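Owing to the predicted nature of the structure, the values given are computational and were not obtained by experimental measurement.
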Amino acid sequence: MHSKDKIKWRCRRGVLELDVIFTRFLDEKYDGLKESDKELFVSLLEQPDPLLQKWLIYGETPDESFASIVDLILS
């Protein structure tokens, strides 16, 4: 399990829009997630910003392994 403070630090990105999306999700929904979804979120944070922008800002279909967490973030 990861410390929420460390996850919050990893939510800081080079793209302001991603900062806002990830920080809001962490603050509002993270605590209510299943443990497997929490781990998937942490894995998502390891992806490069251009790919995250495609999925979370430009609406491109994410890699299948991240589809469920991207849907949660966007909901």
Side-chain angles (χ1 to χ4, degrees):
M1 185 165 167
H2 302 274
S3 139
K4 196 168 177 183
D5 287 335
K6 287 182 180 181
I7 296 170
K8 190 164 195 146
W9 179 255
R10 292 179 68 194
C11 286
R12 297 185 63 185
R13 311 303 291 200
V15 177
L16 178 60
E17 292 89 344
L18 291 174
D19 282 5
V20 171
I21 290 168
F22 287 140
T23 302
R24 184 175 295 150
F25 180 78
L26 184 69
D27 291 343
E28 295 176 5
K29 297 183 181 179
Y30 180 82
D31 290 334
L33 295 177
K34 298 181 294 187
E35 196 60 39
S36 59
D37 288 334
K38 288 179 179 181
E39 290 298 322
L40 190 55
F41 180 65
V42 170
S43 295
L44 182 70
L45 293 174
E46 296 174 6
Q47 304 307 305
D49 284 357
L51 188 57
L52 294 171
Q53 282 180 284
K54 287 180 183 179
W55 296 344
L56 296 165
I57 297 171
Y58 303 125
E60 291 186 23
T61 303
D63 181 283
E64 188 175 310
S65 60
F66 292 111
S68 63
I69 194 67
V70 168
D71 287 345
L72 283 173
I73 292 168
L74 294 176
S75 67

Enquirer: So how far is it from L33 CG to L26 CG, rounded to the nearest 0.5 Å?
Expert: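 So the CG of L33 and the CG of L26 are separated by 9.5 Å.
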Enquirer: Answer yes or no on whether K4 is positioned over the face of Y30, meaning its NZ or CZ is under 6.0 Å from the six-membered ring centre and within 45° of the axis.
Expert: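 Not flagged: K4 not positioned over aromatic ring of Y30.
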Enquirer: Could you report the tightest heavy-atom contact between D31 and K38, atom names first, then the distance?
Expert: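 Where D31 meets K38 most closely, the heavy atoms are O-NZ, 3.9 Å.
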Enquirer: Which of parallel (below 30°), tilted (30 to 60°) and perpendicular (above 60°) describes F25 and F41?
Expert: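 Because their plane-to-plane angle lies in the 30° to 60° range, the rings of F25 and F41 count as tilted.
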Enquirer: If I compare all heavy atoms of S68 with all of L40, which pair ends up nearest, and what's the gap?
Expert: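 Closest pair (atom of S68, atom of L40, distance): OG-CD2, 3.4 Å.
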Enquirer: Step by step, would you call I21 with I57 a side chain to side chain contact (heavy atoms under 4.5 Å, CB included)?
Expert: CA-CA 9 Å; I21 290 168; I57 297 171; 4.1 Å; yes
Enquirer: In Å and rounded to the nearest 0.5 Å, what is the CZ to CG distance from F66 to L51?
Expert: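 The distance works out to 8.5 Å.
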Enquirer: Hey, are the side chains of E17 and Q53 touching, using non-hydrogen atoms and a 4.5 Å cut-off?
Expert: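 SC-SC contact between E17 and Q53 ruled out.
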Enquirer: Partners of L74 by side-chain contact (heavy atoms from CB on, under 4.5 Å), sequence neighbours excluded?
Expert: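 With neighbours one apart ignored, the set is L56, V70.
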Enquirer: Check for me, please, whether I7 and W9 land in the same ILVMFWY cluster - side-chain distances under 4.5 Å, paths through other members count.
Expert: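 In one cluster with I7: W9, no.
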Enquirer: Looking only at heavy atoms, what is the nearest atom pair of P62 and A67, with distance?
Expert: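 Between these two residues, the closest heavy atoms are CG-CA, 3.7 Å.
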Enquirer: What pairs with D5 under salt bridge (charged side-chain N to carboxylate O under 4.0 Å, His left out), at least two apart in sequence or on another chain?
Expert: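 Residues passing salt bridge (charged side-chain N to carboxylate O under 4.0 Å, His left out) with D5: none at all.
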Enquirer: Any chance you could measure R12, atom CZ, to L45, atom CG, to the nearest 0.5 Å?
Expert: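 Rounded to the nearest 0.5 Å, the CZ-CG separation comes to 13.5 Å.
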Enquirer: Return each pair, listed once, that meets side chain to side chain donor-acceptor pair (under 3.5 Å) where at least one residue sits in residues 40-52; pairs must be two or more places apart or across chains.
Expert: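 For residues 40-52, and leaving out neighbouring residues, the side chain to side chain donor-acceptor pair (under 3.5 Å) pairs sorted by first residue read R10-E46, R13-D49.
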Enquirer: With side chains defined as the heavy atoms from C-beta onward, is the minimum distance between D19 and C11 less than 4.5 Å?
Expert: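 D19 does not reach C11 side chain to side chain.
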Enquirer: Does F22 reach the side chain of L44, with side-chain heavy atoms less than 4.5 Å apart?
Expert: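 In contact.
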Enquirer: Between the side chain of S75 and the main-chain N/O of L72, is any donor-acceptor distance below 3.5 Å?
Expert: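 Indeed, once roles are kept as given, a pair shorter than 3.5 Å links the two residues.
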Enquirer: Would you say V20 and L18 are hydrophobically clustered, going by side-chain heavy atoms of ILVMFWY under 4.5 Å?
Expert: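 No: no chain of side-chain contacts under 4.5 Å links V20 to L18.
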Enquirer: Under the criterion side chain to side chain contact (heavy atoms under 4.5 Å, CB included), I'd like the reasoning laid out for R24 against I73: C-alpha separation, chi angles, the key distance, then a yes or no.
Expert: CA-CA 9 Å; R24 184 175 295 150; I73 292 168; over 6 Å; no
